[in-house]
There are 2 protein chains.
Amino acid sequence: MSPVRNPPAASTAADGDWRARLRARGYRLTPQRQFVLDAVQALEHATPDEIFAHVRERSAGVNLSTVYRTLELLEEIGLVTHTHLSHGAPTYHSATVKQHVHLVCRACQQVAEVEPEVFAPLVQRLHADKGFTTDVQHLTVFGICQECAS
Amino acid sequence: MSPVRNPPAASTAADGDWRARLRARGYRLTPQRQFVLDAVQALEHATPDEIFAHVRERSAGVNLSTVYRTLELLEEIGLVTHTHLSHGAPTYHSATVKQHVHLVCRACQQVAEVEPEVFAPLVQRLHADKGFTTDVQHLTVFGICQECAS
DNA sequence: CTACTTGCAAACTCTTTGCACCATA
DNA sequence: TATGGTGCAAAGAGTTTGCAAGTAG
């Protein structure tokens with residue numbers, strides 16, 4: 001491992017939790033993983049590249065492939081999730097943050113957030129009609145925002 | 001243009017319409033475009049690669065980049081739309097077919113379809129609350145299907 | 001000390017683009 | 001005949017992988 005500067009101090013309340021989660025599955029706690037998780041929590045809706053850039057500002061010795069591997073790992077143990085807000089890159093966000101659904105404007109590309117409660121009736125109906133359990137966190141709604149509509 | 005065999009016969013009722021649409025915008029009617037549109041209508045939920053393969057079975061002389069260019073063109077003039085059903089490739093479908101929303105199971109990757117009416121209340125609420133005009137056609141709901149839930 | 005992690009570089013997938021040739025209108 | 005369209009090959013994003021060296025526990 002190359003020049004990895006002082007790892008970030010434990011920042012969130014759930015921090016102890018994530019260390020435990022790692023250990024419980026035989027994973028190790030590394031500065032890189034801490035940097036990546038911190039970046040996800042700090043940035044909100046960040047692509048792997050943006051996360052990489054954010055981590056790089058703090059530590060020169062973190063590689064892009066490590067970012068990818070770490071995101072996969074963090075998602076596997078349920079600490080982050082991802083959504084596709086646009087064509088190309090997925091965006092990651094912390095799973096500990098309050099859930100929300102994304103509204104993406106196809107005209108101006110702006111992203112708004114909505115409380116998941118708005119989707120509760122839909123979720124219930126899909127479950128009743130089709131037996132389908134909706135992953136609201138992963139939902140993205142495309143359309144046209146108020147400004148662009150006029 | 002290389003060995004492009006007999007272009008497919010006009011197949012859908014809207015066929016005359018699409019020729020008109022092309023012409024109206026100064027585009028030309030080519031066998032390649034007809035093959036690609038036919039493939040989209042025949043396959044339903046096909047990726048560019050799958051469309052390419054389907055077209056290739058019928059005509060050796062169609063190039064993958066032409067498929068991409070044609071899909072972009074057909075989408076621009078409103079004959080096809082696309083959605084992201086999984087991580088990587090977008091899937092294209094005919095815009096003339098009855099609208100539907102996709103339910104994607106994250107466990108078995110199976111795709112189900114739902115009538116867009118189910119989403120009407122949600123669409124109305126998003127419009128009322130946020131002024132957001134939902135593009136239902138482009139909507140994809142991820143979750144767990146009935147079989148995988150048990 | 002040992003197994004898990006990382007950095008590096010190369011490989012891969014999917015998509016786009018430049019350019020000369022070809023065919024539609 | 002004049003553009004617009006196509007094939008081909010090369011270039012680009014974004015992501016994954018093999019392997020040797022490094023490190024957490």
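Just so we're on the same page: letters track the sequence lines, and every chain starts at 1. Quick caveat, the model's predicted, so the values are computed rather than measured.
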| said: Output the rounded distance in Å from CG (L71(B)) to P (dC14(C)). | reply: 15 Å
| said: Can you measure Q34(B) atom CD to dT24(C) atom C1' for me and round it to whole angstrom units? | reply: 13 Å
| said: For dT6(D) and T30(B) - does any side-chain N or O of the residue sit under 4.0 Å from the phosphate oxygens OP1/OP2? | reply: yes
Between protein and nucleotides 16-18 of chain D, what N or O pairs are separated by less than 3.5 Å?
from: dG18(D); atom 1: O6; to: R69(A); atom 2: NH1; distance (Å): 3.4

| request: Could you tell me if the ring centre of H82(B) sits under 6.0 Å from that of H45(B)? | output: no
| field | Per P48(A) side chain, nearest of listed nucleotides dG14(D), dT15(D), dT15(C) | value | dT15(D)
| said: Return whichever of R23(A) or V67(B) has its heavy-atom-nearest nucleotide of DNA chain D closer to the 5' end. | reply: V67(B)
| task | Give the minimum heavy-atom separation between C145(A) and C105(A), together with the two atoms involved. | result | N-SG, 3.4 Å
| request: Would you please confirm or rule out a distance under 4.0 Å between OP1 or OP2 of dT23(D) and any side-chain N or O of R28(A)? | output: no
| Under 3.5 Å, is there a donor-acceptor pair between the side chain of R21(B) and the main chain of I77(B)? | yes
| query | To the nearest Å, how far apart are E50(B) CD and dC14(C) C1'? | reply | 13 Å
| query | Can N63(B) and S65(B) be counted as having a side-chain donor-acceptor contact under 3.5 angstrom? | reply | yes
| task | Calculate the interatomic distance between F35(B) atom CZ and dT6(D) atom P; express it in whole Å. | result | 12 Å
| task | Starting from C1' on dG22(D), measure out to CG on L29(A) and report it in whole angstrom. | result | 16 Å
| said: Measuring to OP1 and OP2 of dT6(C), would you say a side-chain N or O of R33(A) lies under 4.0 angstrom away? | reply: yes
| query | Between T81(B) and A95(B), what is the shortest heavy-atom contact and its length? | reply | CG2-CB, 4.3 Å
| note | Looking only at heavy atoms, the pair that brings F142(A) and L85(A) closest together is CE2-O, 3.5 Å
| Nearest of dT15(C), dT24(C), dT6(C) to any side-chain atom of Q32(A)? | dT6(C)
| message | Whole angstroms only, please: what is the CG-P distance between L22(B) and dT6(D)? | response | 10 Å
| remark: Looking only at heavy atoms, the pair that brings Q32(B) and V62(B) closest together is CG-CG2, 3.9 Å
| query | Within the pair N63(A) and dT6(C), is there a side-chain N or O less than 4.0 Å away from OP1 or OP2? | reply | no
